[in-house]
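By convention in this document, chain letters (A, B, ...) are assigned in the order of the sequence lines, proteins followed by strands, and residues within each chain are numbered from 1.
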Amino acid sequence: MRSKDPTSSMANSSGPLHRGMPSNPADPLAAPQPKAGGIAARAMAARQTTMPAYMEGLNAEQRLAVETINGPVLVLAGAGTGKTRVLTTRIAHILATGHATPGQILAVTFTNKAAREMKERIGAYIGENVEGMAWLGTFHAICVKILRRHAELVGLKSSFSILDTDDQVRLIKQIIQAEGLDEKRWTAKTFAGLLDSWKNRGLTPEQISAGEAQAFANGLGRKLYQTYQERLSILNACDFGDLLLHCITIFKEHDDVLKSFQSRFRYMLVDEYQDTNIAQYMWLRLLAQGNSNVACVGDDDQSIYGWRGAEVDNILRFEQDFPGATVVRLERNYRSTSHILSAASHLIAHNQGRLGKTLFTDQMGSEDEDKVQVASAWDSQEEARSIGDEIEALQNHGHSLNEMAILVRASFQMREFEDRFVTLGLNYRVIGGPRFYERMEIRDALAYFRCVMQPSDDLAFERIVNTPKRGLGEATLKIVHAYARERAIPLMIAAGELVQTNELRPKARAALADVLGMFENWRNQVETMSHTELAEIILDESGYTQMWRQDRSAEAPGRLDNLKELIRSMEEFESMAGFLEHISLVMDKDSDVEEDAVSIMTLHSAKGLEFDTVFLPGWEEGVFPNQRALDETGQAGLEEERRLAYVGLTRGRKRVKVWFTSNRRIHGSWQSCIPSRFLDELPADSVEVVEASSSYGGYGLNSAGGGYGASRFDNSDPFQSKYSTPGWQRARKAQASGQQYGRMHGGNQTRRAKKAGPMTIEGELVAKSVTEVGSDFAIGERIFHMKFGYGSISDIEGNKLTVDFEKAGQKKVLDSFVERA
DNA sequence: ACTGCATCTCTTTTT
DNA sequence: GAGATGCAGT
């Protein structure tokens, strides 16, 4: 029942277009909101007379998502359904209709890349005005902006610096050492992970639970967290987590500041909402309390970052969190063939706790469309060889390498492909991996720059005092440290005072004085010299470039090139300070040259991309789904792995080929592999099992039978298909023995999965049908199924529908695969 | 302060 | 089986 309280912030917040609350039928004034994607909504969208140019080509749902600008909106955008298009058009629409100026729109993304793309695309609609969109950026970038204005409210100076993970770990290490803890038992890395998870959940030292505080170093967790924060405060620095956390603190403690941002941001948009963590959610909630014009776009089925704090729950709970929310589902896929979509949809249907979407396409399965192929290989070498051959064959048929990608679960799988492609002379590029600004030489150079610009940057100073070697070893540094800590002054200042005394050995004293003199010198030139010139001088005079020039190792020349590249990339910035600010938030650099090459990357980094041809190697139990994910997070882990598989499949436009091998070397020793359970979850009629290209036939993929309508979800003959992989056989056996797989899913069965071998998830569907509230379809209802067409429901069993199809006859189908006609 | 040997670990990644 | 890290020895 809806609240009738007129003071409810939600009710008041809506603009002129419609009320944000669900209506009471008894109240004639409150018209019901059109159900997203419902007939009324479509009709409304269709009736549009004159359409602004930017709206052209949008389908009804997309248009609804664009035009519903007031009140909370959740856009559930399946893979390839035009998500970015909706987001950018929505902004264009808000601006074009005069609801806000560019500076009044808050648009948040996760990555810099996404922010950049969004900016570009909005620029295409509104031209120069994009520059006015000061609040388009990543969560972190926007938080920095807010924090620079109000730093003093959390005990920082506006000039605070931002630590990256490396600095963070080194700082923690010092704290753990100072505490006299066993560094082996309680590693800095572990604590960094803990800190991260606390900050992801928006927890300050006081707020962490006793249990969690207890878990690290015999209950020192809380204290270490506190000390760490104190140290940051002295360093006038914060880590990535703090950017959000400090903002939240400010918002909570200073109502006037919060209010001012609330009224500034008239419209808010969040991209990839399924990836938000609790802190980001809290941040957003605080801002959205003013007016609830918040639009979140995401896809619960593509939530693959749970392990780094993303809360799928945020998107699943959206309607409760933002009452009266309009939910729009984008399910019309413009990317992939119907076979690919069918494969992806069937697979993901094995997950529970979804908001439920089914992708469909208009380009209905024409004959020349390839089915999703499944192939096997003896080992990973053969896998790489076969895929290499296929890529060459495609290339010979005029396909561009840029349109092909190999998506792996873990980066160790990449090597085999690289090796193979090198011998073939096939152009490839690895996406992901160590990034430019994370390379040692770049970080060293940056540390020099940071010390020049910010003498209090202790971490930078420590990094380079003795790089190149100057005879300033541990002993000297210890003295400087002690001196600095005693007086609570930065290391550089301490060093400056110490060289005036006799406390240091003459050699060290001279070396230290020398270093400090150089910095003094450079600092004097900041104002008078271009920052690129100064940068060169710094690297030169410090002896840093010299150090690499003398280095005879294989990497040295590359490192020198990188340093040159660093200087070159600085040219785009106005000043050294501006450059440093940029890279503290943007750790990656656009790669410039784009020659024709196959892409090799992890499934995670493939999110958001698309290719004509996608190869998915390594679908074996233990690899994918990853054993560790299964062991550590059980059912939730399995489901995240499945979403990852879903992401992989939906990257392909025309061709997707999945591979598994019989043997693989893991941690040095050979293991024989069992095909991934995910293979069993693909629909037989959209999948083609292809003959192994060479000798081994261990898994005997004989191709007989199968065909139209032989989905395992049919009642006819669920396992009588051309598959005879062990997974399928197990599932079949279980079925024959009448085993209730569904039961197994209730308890603590995930643990036993390891020993008993992979279980099929087949039973989950059964489990679902008994436990779930049941389908919201009714007997007699007319529905549409993307494979079988129109029909009417003759029986309902949980989420399984018996449907009399007009063309295909009676079939049993899952309710998630049909929509109301 | 540097080098060599032993030991440990071994998903995914952005900011 | 490799790569990183840490410790002991010079």
Checklist line | Partners passing side-chain contact (heavy atoms from CB on, under 4.5 Å) against A:S380 (at least two apart in sequence or in another chain) | finding: A:E383, A:E416, A:R664
Item checked: Partners passing side-chain contact (heavy atoms from CB on, under 4.5 Å) against A:E179 (at least two apart in sequence or in another chain) -> A:L181, A:L220, A:K223, A:L224
Close N/O contacts between protein and nucleotides 6-10 of chain C (under 3.5 Å):
residue	atom	partner	partner atom	Å
C:dC7	OP1	A:K184	NZ	3.3

Margin query: Would you say the rings of A:W186 and A:F191 are close, in the sense that their centroids are separated by under 6.0 Å?
Written below: no
Margin query: Show me the pairs that pass ring pair (Phe, Tyr, Trp, His ring centres under 6.0 Å) and involve residues 623-644 of chain A, at least two apart or across chains.
Written below: A:W619-A:F624, A:F624-A:F678
Check: What residue pairs, at least two apart or across chains, pass salt bridge (Lys or Arg N to Asp or Glu O under 4.0 Å) with a residue in residues 432-443 of chain A?
Finding: A:D164-A:R443, A:D166-A:R443, A:D167-A:R443, A:R435-A:E438, A:E441-A:R559
Notebook entry, point to check: What integer distance in Å separates A:L630:CG from B:dT11:P?
Noted result: 13 Å
Margin query: For A:F240, give me all partners under ring-ring contact (aromatic ring centres under 6.0 Å, His included), at least two apart in sequence or on another chain.
Written below: A:H140
Checklist line | Set of side-chain hydrogen bond (donor to acceptor under 3.5 Å, both in side chains) partners for A:N236, sequence neighbours left out | finding: A:S159
Checklist line | Between B:dA1 (C1') and A:K478 (NZ): distance, integer Å | finding: 15 Å
Check: If you measure from the P atom in B:dT12 to the same atom in C:dT5, how many Å do you get, rounded?
Finding: 16 Å
Margin query: Say we look at B:dT11 and C:dA4: how far apart would their P atoms be, to the nearest angstrom?
Written below: 15 Å
Item checked: Atom pair distance, as rounded to whole Å: CZ in A:R415 and P in B:dC10 -> 18 Å
Notebook entry, point to check: Partners of A:R470 by salt bridge (charged side-chain N to carboxylate O under 4.0 Å, His left out), sequence neighbours excluded?
Noted result: none
Margin query: Tell me the interatomic distance from A:W619, atom CH2, to B:dT11, atom P, rounded to whole angstroms.
Written below: 20 Å
Item checked: Distance, C1' atom - from C:dA2 to B:dT13, rounded to whole angstrom -> 22 Å
Next item on the list: Go through the structure and list residues passing side-chain contact (heavy atoms from CB on, under 4.5 Å) with A:A510, not counting sequence neighbours.
Entry: none
Next item on the list: Quick one: list whatever passes side-chain contact (heavy atoms from CB on, under 4.5 Å) with A:K119, sequence neighbours left out.
Entry: A:V130, A:E131, A:L136
N/O-N/O pairs, protein side and nucleotides 12-15 of chain B side, under 3.5 Å:
residue	atom	partner	partner atom	Å
B:dT12	OP1	A:S411	N	2.8
B:dT12	OP1	A:S411	OG	2.2
B:dT12	O4'	A:R409	NH2	3.3
B:dT12	O2	A:W307	NE1	3.3
B:dT12	O2	A:R409	NH2	2.6
B:dT13	OP1	A:T602	OG1	2.6
B:dT14	O4'	A:R308	NH1	3.4
B:dT15	OP1	A:N112	N	2.7
B:dT15	OP1	A:N112	ND2	3.0

Next item on the list: Give, ordered by number, those residues of residues 461-472 of chain A having at least one heavy-atom distance below 4.0 Å to an atom of DNA chain B; if nothing qualifies, reply none.
Entry: A:K469, A:G471, A:L472
Notebook entry, point to check: How many Å lie between CD1 on A:I666 and P on B:dT11, as a whole number?
Noted result: 10 Å
Margin query: If you count every heavy atom of other residues, nucleotides or ligands that lies below 6.0 Å from A:R415 atom CZ, does the total exceed 12?
Written below: no
